[in-house]
Amino acid sequence: MGVKEIFETMDYGPAPESAAEALAWLVDQGDRFGHFIEGAWTDVGETFESRNPATGEVLAHVTQGTQADVDAAVAAARKAQPKWAKLGGPGRARVLYALARLVQKHSRLLAVLETMDNGKPIRESRDIDIPLVARHFYYHAGLAQLMESEAPGMEPLGVCGQVIPWNFPLLMLAWKVAPAIAAGNCVVLKPAEYTSLTALCFADICRQAGVPKGVVNIVTGDGRTGEMIVTHDGVDKVAFTGSTEVGRRIREATAGQGKSLTLELGGKGPYIVFDDADLDSAIEGLVDAIWFNQGQVCCAGSRLLVQESVAGRFHDKLKARMDKLRVGDPLDKCVDVGAVVDPVQLGTIRDMVEGSDGEVYRADCDVPEGCFYPPTLITGLAPSDRLMQEEIFGPVLVSTTFRTPDEAVALANNTRYGLAASVWTENLNLALGMAPKLAAGVVWINGTNMFDAAAGFGGVRESGFGREGGWEGLSAYLKPAVKAKALKTTEARTGTPDETGEALDRTAKMYVGGKQARPDGGYSRAIYGASGKLIGHVGIGNRKDLRNAVEAAQGAKGWSRTTGHLRAQILYYIAENLEARSGEFAARIDALTGGRNGRTEVAATVSRLFSYGAWADKYAGDLRSVPIRGMALAVREPVGVIGALCPDEAPLLGFVSVMAPAIAMGNRVVLVPSEAYPLAATDFYQVLETSDVPGGVVNIVTGRHADLAEPLASHLDVDAAWSFSSSALSQAIEAKSAGNLKRTWVNNGIARDWMGTEGEGRAFLDQATEVKTVWVPYGE
Ligand code: NAI
């Protein structure tokens, strides 16, 4: 074709990137890979093939990890960890910096290898994936450097088991490995079985960067190997990215093992276009939202919600744009949409589209034979249709319309997921008004699919919990540096029944929706003092009482919209009212526990309330410096409804230490007071009643922790479950939380010093909030 014809047709010529270097690297490695354990390659074991999905060609043979391999990798990580931690933040920073530099140096090799292994267009791996990998190591080199001054009193968790998916193979590795090793942990990472090659190339880079042996271990294999890693006894923290289904299985499998867990799972991101949006920009954004990486993106804008008045025009523009997308050889620099990762995934996409009764528009563009799927738009679906609800994880967009902003919010939130959302409008008030209403961990305003190491990424609801990126991402790899003491079970005191029946008049009620409530079951339990004397009765709460309390808490949503200033005043007021009755509360605590610390405990409780009054308007989040036009606001939002089993060690202080941070941050709570000493908490609702706390914000259900733990953890309208109980209930709570994948915070049988700094502060505020990252255009 001559220059004249090219100008006339404006067709693209082929612009292939050479595969030679990447193929040579594979040949150098012998095409057969063992694992990377303790700084060396293991012998090749039983292998599986890693194929190029665009051509079907076998690229390499990769070893299926066995239990012995996982044991060896965990042992290597364990052995290396103390020395790596002792190297200190600045020492580790140098190693991370070397990794960043080497990723940049080998960026073309990594980009080509990634494209060959995964099928994504080279334009993306070259311009997005690999630069973000380098950025991640640079940023975390910085966090390591500053960690000791900025996160004092914290230490690494130990050995991290990390399992990642195939959609961003090296980027997900960087998201996992960089914070873990920056914090002083060692890792055992398993790449996805479709895409192991860049992880293995990264192992090679670790050697060049001088990463000490055993700090980074890469074990390849399928889900069976993944399961061995996440359930391994020697693993202290599990970080997983992948499907919600596997995430749920991991939550159940690791329940009660005392492991930290972060899950980054699926999504069905709404892409909301208002009639005043710059429609052409919104179309270009949509191309990035759903056709980036063939739509195999957990935060893809896969659900278009377009305002009815412009829907026809928008769909016409969209179809015209879809027809111009170039689908084909991922190594061609002019290609927009590459190959789907594997024929299995292609089959899933096909089946989902074919099973839909919506109106299907397939882009009128050439689609090569093989593992390719045309850009597709489906309209005419009801909000409850499967394709509107489930991840397709392919280049398929579903679309519906809305009339008002409220309707847009309702449709956007009508999903079990909550990962990311985009809002397109030229009206700043509207955009920023929408952001807090969307159930999502990330909101992009007039943008989409923007990522950076400084900005937290992660979801709410069934999209998982935990953040990657920013200080909040690093904190998921740290714990307070305190010597753990085992928690002793506190038994309720026994005594002599009161034969006069006088105590019947002193049955403390529960507190639900701002009102005193009798237990549904009609049973109560005698509470004896230290002297064995009967001092009262408390109701034995059951599942129904909990349900009522959760309903009341859900009904008090307005509390989450109040200002920090208002919540601060209410917390100060509670403190003041408690102080006025301190003598009475101190006597009660002494009578219950048989100690003489009542006064000290009440004084500490008053002080704690003042602390959280202070925090209420000072923990709103911050601003992140991102290297993209705009800024990222890290907004700390309340989690929602928090259910908690309160500690036995400090009947009043423990109860308030759980309640106060939660309500200070705008949550509503369902609290189960100390089982042994519940009366300190039931007296406390009188203080709440006189302190302007709106009904439903604090609900108190007394009863047996062992009976209430499961219903609390499995309730679908509870957003987080905490347990500080001295009964061993961590396993039950973590296992039952898997239903709606609520966040959990359990003590794993470790005692906490409620009087000291362990009983208060940022750890509580972090657990009481979710970081929502809002990307806002800013500057030129
Ligand atoms: P997956 O969730 O099964 O795989 C992700 C990773 O988990 C892989 O490394 C896999 O080997 C590992 N794994 C599988 N079972 C495991 C277990 N029981 N314990 C520990 N690790 C385990 O995802 P898959 O099967 O590759 O894709 C299926 C669907 O999942 C996709 O169609 C898509 O809808 C969704 N998906 C979502 C991702 C996201 O980032 N949200 C990423 C990948 C897939």
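In what follows, every heavy atom counts, from backbone to side chain, and hydrogens, waters and symmetry copies are set aside. Just so it is clear, the model here is predicted, and its values are computed rather than measured. Numbering of ligands and ligand atoms starts at 1, following listing order.
Using the six-membered ring where Trp is involved, W166 and Y194 have ring planes that are tilted, between 30° and 60° apart. The aromatic rings of H136 and W175 lie parallel to each other, with less than 30° between the two planes, well short of the 60° mark.
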Close N/O pairs between ligand 1 and protein, under 3.5 Å:
| from | atom 1 | to | atom 2 | distance (Å) |
| --- | --- | --- | --- | --- |
| ligand 1 | 2 (O) | S243 | N | 2.8 |
| ligand 1 | 2 (O) | S243 | OG | 2.7 |
| ligand 1 | 9 (O) | I164 | O | 2.8 |
| ligand 1 | 9 (O) | K190 | NZ | 3.0 |
| ligand 1 | 11 (O) | K190 | NZ | 2.8 |
| ligand 1 | 11 (O) | E193 | OE1 | 2.7 |
| ligand 1 | 11 (O) | G223 | N | 3.4 |
| ligand 1 | 19 (N) | E227 | N | 3.4 |
| ligand 1 | 26 (O) | W166 | NE1 | 2.5 |
| ligand 1 | 32 (O) | Q345 | OE1 | 3.2 |
| ligand 1 | 32 (O) | Q345 | NE2 | 3.1 |
| ligand 1 | 34 (O) | E391 | OE1 | 3.2 |
| ligand 1 | 41 (N) | G242 | O | 3.3 |
| ligand 1 | 41 (N) | L265 | O | 3.1 |

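At distances below 3.5 Å, not a single donor-acceptor pair connects side-chain atoms of S302 with backbone N or O atoms of K268.
Using modelled atom types and a 3.5 Å distance limit, the side chains of T66 and D69 yield a donor-acceptor pair.
Here W25 and F33 bring their ring centres to under 6.0 angstrom of each other.
Among the candidates D129, V133, I205, the single residue satisfying the side chain to side chain contact (heavy atoms under 4.5 Å, CB included) test with L110 is I205.
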